Amino acid sequence: MPELPEVEVLKRSLQKKLRFCKIIRIKIYNRNLRYKVPYSINRNLKNHVVNDISRISKYLIFHINFSKKLLIHLGMSGTIHLIENNNKNNTNASFYHSLDLPNKHNHIEISFNNDIKMIYNDPRRFGYFKLLKKNYLLEKPIINLGPDPFGYKFNFEYIKGYIYNKKINIKNLLMDQKFVSGIGNIYSNEILHYCKLRPTKKVNQLSKRNILNIIVQTKKVLNKAIQFGGSSIKDFKKIDGIPANFQKNFKVYGKNNTQCPRHSCSGYIQKVLISNRSSFYCPKCQT
DNA sequence: AAGAGGCCCTGATAGC
DNA sequence: TGCTATCAGGGCCTCT
């Protein structure tokens, strides 16, 4: 599910609903995530106010107070949704009821003083919760992350320096979180189609124009996905349980054997495995 | 030492 | 229908 756009959309919804709210109760239903959920989250977070919620790469960070931060990673199948309790006039109330929200794999439930419950659900359990300290930017996993694709550090000189003497292909580079953080399998495929670059292309073959284009198209694709509320594949839902929309805009992801959507291209999208990940591209216009 | 591949886990789907 | 095999969006770890 969650690459940068999905996490960004989630962050914005959480900010609206939970900023400046106090955590009054934490229930841990199942500690088994990628790492055991620390019992200490209760002691550290209960009765504290959430000052802000931010995103770094695919990670959410709850800023609890000056010194305490809660990091949440959604792994492959993690979802967060909110249940608003005493909201009888909410026209969505019956809607929530009919949504058949998942509960079998609910791991953690955090209740706030505004009658909202935040539920973390994760069938495949690749996500995790971790407490970070004041200088969290210097802690793992944040310390290992490359620049945000929207940040000024993601520029031509940086990329040129990074790929110098590297033999990696462009798709794996885009998914390398040390290079640029937040891009996963779906959006790397999409970005490369916009760039007319074959995913297997070695990075030492990239021209200056190619690199500049990668910078522009990366921002474009991710921005558009954010505007559409992210992509819903399988179980990703927006915070209210409603599926997001960007998957309708996919150009290549999951489109094997269909005609290339590029105007005036008559190629057909192919699926290949690159480092054991499904990769989609048009062999005619992506070179 | 960079880069590829295996693996953690469950569920959905396909094929027999 | 009910079995088994295959495949999923991430990222850490190990091996070459």
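Both backbone and side-chain heavy atoms feed into the values below; hydrogens, waters and symmetry mates do not. Note that the structure is a prediction, hence the values are computed from the model and not measured. Quick note on labels: first sequence line is chain A, next is B, and so on, each numbered from 1.
If you check B/dG11, B/dC9, B/dG3 against the side chain of A/Lys167, the one that comes closest is B/dG3. Of all nucleotides listed (B/dA4, C/dA8, C/dG10), B/dA4 comes nearest to the side chain of A/Ser275.
Between A/His105 and the phosphate of B/dC9, there is no side-chain N or O to OP1/OP2 separation shorter than 4.0 Å. In this model, the phosphate group of C/dG11 is approached by a side-chain N or O of A/His73 to a distance below 4.0 Å at OP1 or OP2. Taking only side-chain nitrogens and oxygens, A/Asn32 never comes nearer than 4.0 Å to OP1 or OP2 of B/dC9. Of the side-chain N and O atoms in A/Lys58, one or more sit less than 4.0 angstrom from OP1 or OP2 of C/dG11. Phosphate contact (OP1/OP2 of C/dA8, side-chain N/O of A/Lys271, threshold under 4.0 Å): present. In terms of phosphate contacts, A/Asn185 brings no side-chain nitrogen or oxygen within less than 4.0 Å of OP1 or OP2 of C/dA8.
Distance noted for atom P between C/dC3 and B/dC9: 23 Å (whole Å).
At a threshold of 4.0 Å, the pair A/Glu157-A/Lys160 does not count as salt-bridged, since none of the basic side-chain nitrogens sits closer than that to a carboxylate oxygen.
One interatomic measurement links the two molecules: CD1 of A/Ile274 to C1' of C/dA8, which rounds to 17 Å at whole-angstrom precision. For the pair A/Lys36 NZ and B/dC8 C1', the interatomic distance rounds to 14 Å; values are reported in whole Å. A straight line from NZ of A/Lys104 to C1' of B/dC9 spans 12 Å, rounded to a whole angstrom. We find that CE of A/Met76 is positioned 5 Å from C1' of C/dG10, with the value rounded to whole Å. The interatomic distance linking A/Leu71 (CG) with C/dG11 (P) rounds to 11 Å, in whole Å. Between the CG atom of A/Leu145 and the P atom of C/dC12 there is a distance of 8 Å, rounded to whole Å.
A search for side-chain hydrogen bond (donor to acceptor under 3.5 Å, both in side chains) contacts involving A/Arg43 returns nothing, not counting sequence neighbours.
Checked against the 6.0 Å centroid criterion, the rings of A/His63 and A/Tyr136 qualify as a close aromatic pair. Taking the centre of each ring, A/Phe250 and A/Phe280 stay at or above the 6.0 Å mark.
Hydrophobic side-chain contacts under 4.5 Å tie A/Tyr281 into a cluster, directly or through other members, with A/Val272, A/Ile274.
The aromatic ring of A/Phe126 does not sit over the base of C/dG11; the criterion of centres under 5.5 Å apart with planes under 30° is not met.
A donor-acceptor pair shorter than 3.5 Å can be found between the side chains of A/Tyr187 and A/Ser231.
Not a single donor-acceptor contact under 3.5 angstrom links the side-chain atoms of A/Arg125 to the base of B/dC9. Between the base of C/dG11 and the side chain of A/Arg277 there is a donor-acceptor pair shorter than 3.5 Å.
Under a hydrophobic clustering in which Ile, Leu, Val, Met, Phe, Trp and Tyr are joined whenever their side-chain heavy atoms come within less than 4.5 Å, directly or via other members, A/Tyr162 and A/Val216 fall into different clusters.
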Checklist entry - In dot-bracket notation, what is the pairing pattern of DNA chain B, taking Watson-Crick (N1-N3 plus N6-O4 or O6-N4) and G-U wobble (N1-O2 and O6-N3) contacts under 3.5 Å, with [ ] crossing and | for other strands? => result .|||||||.|||||||

